[in-house]
Amino acid sequence: MKKVLVLVLLVIVGYFLTDTFNLIPFGENRIGNPQDEQTVAGYYLNNTVEKTSVANTVTAIVVNYRGFDTLGEVTVLFLATTGLGSILFRRKEDEEEIERINKPSSSLMQTGSRVLFPLIALLGIYVFIHGHLTPGGGFQGGAIIATGFLLMLISYKNFKAGHTMLNWVESLAGITFVSIGLWGLLTGGTFLENVLPAGELNNLISGGVIPIIYIAVGFKVAAELTGVLDILLNIKPKK
Amino acid sequence: MEILRYIGYGLLVIGGIFLFLGALGIYRMPDLYNRLQAGTKATTIGAMSAILGVGFIEPAWMVKTIIIVIFIGIANPLSSHALARAAYKAGLKPIMKKKVDAYEKVQDIEVKEEVKL
């Protein structure tokens with residue numbers, strides 16, 4: 001009975017998938033000529049610099065044109081962190097093994113990572129502040145900062161990434177993102193409308209709300225990934 | 001400025017030679033510790049020299065290349081040290097003709113400090 005049910009479900013899903021994909025002509029150039037204003041790619045390439053004065057077209061698409069989608073992505077990351085925190089943590093029975101794993105690393109490593117950590121954090125912050133001017137952005141900068149925290153977590157076994165502070169950073173960044181979106185809804189008419197003046201191209205303060213949102217995304221991603229690393233490295237004794 | 005260009009080319013060639021020797025060492029050496037030391041020493045000086053050479057050829061990038069060189073100088077030996085120490089702690093014995101294990105006798109200096117964010 002179960003197998004028949006699975007087969008029926010497979011047939012239904014397969015039918016609707018092929019039905020949908022039949023609407024799209026196979027092998028056709030859907031993007032079209034980038035110079036042509038009528039296509040999506042052409043519109044983005046020809047209009048982002050004038051309308052948003054953001055040098056990095058990818059950032060303009062991710063944060064402004066597809067900003068709602070980015071909000072969803074950040075939420076997915078948050079859900080993944082929550083799931084990891086509730087399901088995936090290591091428990092060990094053997095006290096000796098916990099002692100062996102939790103041994104601190106050598107003094108050379110500890111001093112070195114203390115020197116490197118501020119530099120890595122600085123690079124991450126640079127990457128997400130300049131997200132609208134150079135390649136990179138909130139997600140990349142956040143990941144770089146999380147690698148710095150990983151270095152500290154494996155060098156100092158008693159290094160605690162304070163979960164209260166991480167939660168605060170994450171929540172404040174999320175609230176900033178959503179409230180900027182609502183501000184756009186109230187004053188401009190659509191969610192995440194770019195209400196601030198666009199400014200001059202290639203200036204640090206330009207592009208309206210785009211840099212603010214990307215900085216918030218950077219902090220959020222950094223806090224989330226640090227939380228994931230801390231959960232995965234932490235070993236709790238079995239009760 | 002022509003002289004700077006030629007210094008840069010010279011550094012690039014030196015870096016290339018060292019990187020090649022590092023690759024050869026990884027292929028040729030018998031065990032992990034020898035391979036690590038060949039790989040780390042040669043690639044550290046090779047990468048530093050090559051990147052500094054780029055800085056000499058393009059003087060506008062000089063500051064950036066110096067920062068990268070300093071970063072490689074800190075990070076590369078550090079990671080190699082961590083790898084070798086982990087291998088030793090995991091019980092991997094080096095291949096030796098004379099059984100001299102100086103590290104065994106050394107009291108491992110361990111810093112225990114409370115570090116909080």
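For the numbers below, each heavy atom of this structure counts, side chains included, while hydrogens, waters and symmetry mates do not. To find a chain, count down the sequence lines: A is the first, B the second, and so on, and within it residues start at 1.
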So which part of L116(A) gets closer than 4.5 Å to some heavy atom of chain B, the side chain, the backbone, both or neither?
side chain

Between S113(A) and chain B, which part of the residue has a heavy atom less than 4.5 Å away: side chain, backbone, both or neither?
backbone

Minimum-distance pair of heavy atoms, taken over all atoms of L78(B) and G112(A):
CD2-CA, 3.7 Å

Rounded to the nearest 0.5 angstrom, the CD1-CZ distance for I120(A) and F71(B) is 5.0 Å

What's the spacing between L119(A) CG and I67(B) CD1 if we round to 0.5 Å?
9.0 Å

Would you find more than 12 non-hydrogen atoms of other residues, nucleotides or ligands less than 6.0 Å from [X] atom [atom1]?
| X | atom1 | value |
| --- | --- | --- |
| F191(A) | CZ | yes |
| I205(A) | CD1 | no |
| F219(A) | CZ | no |

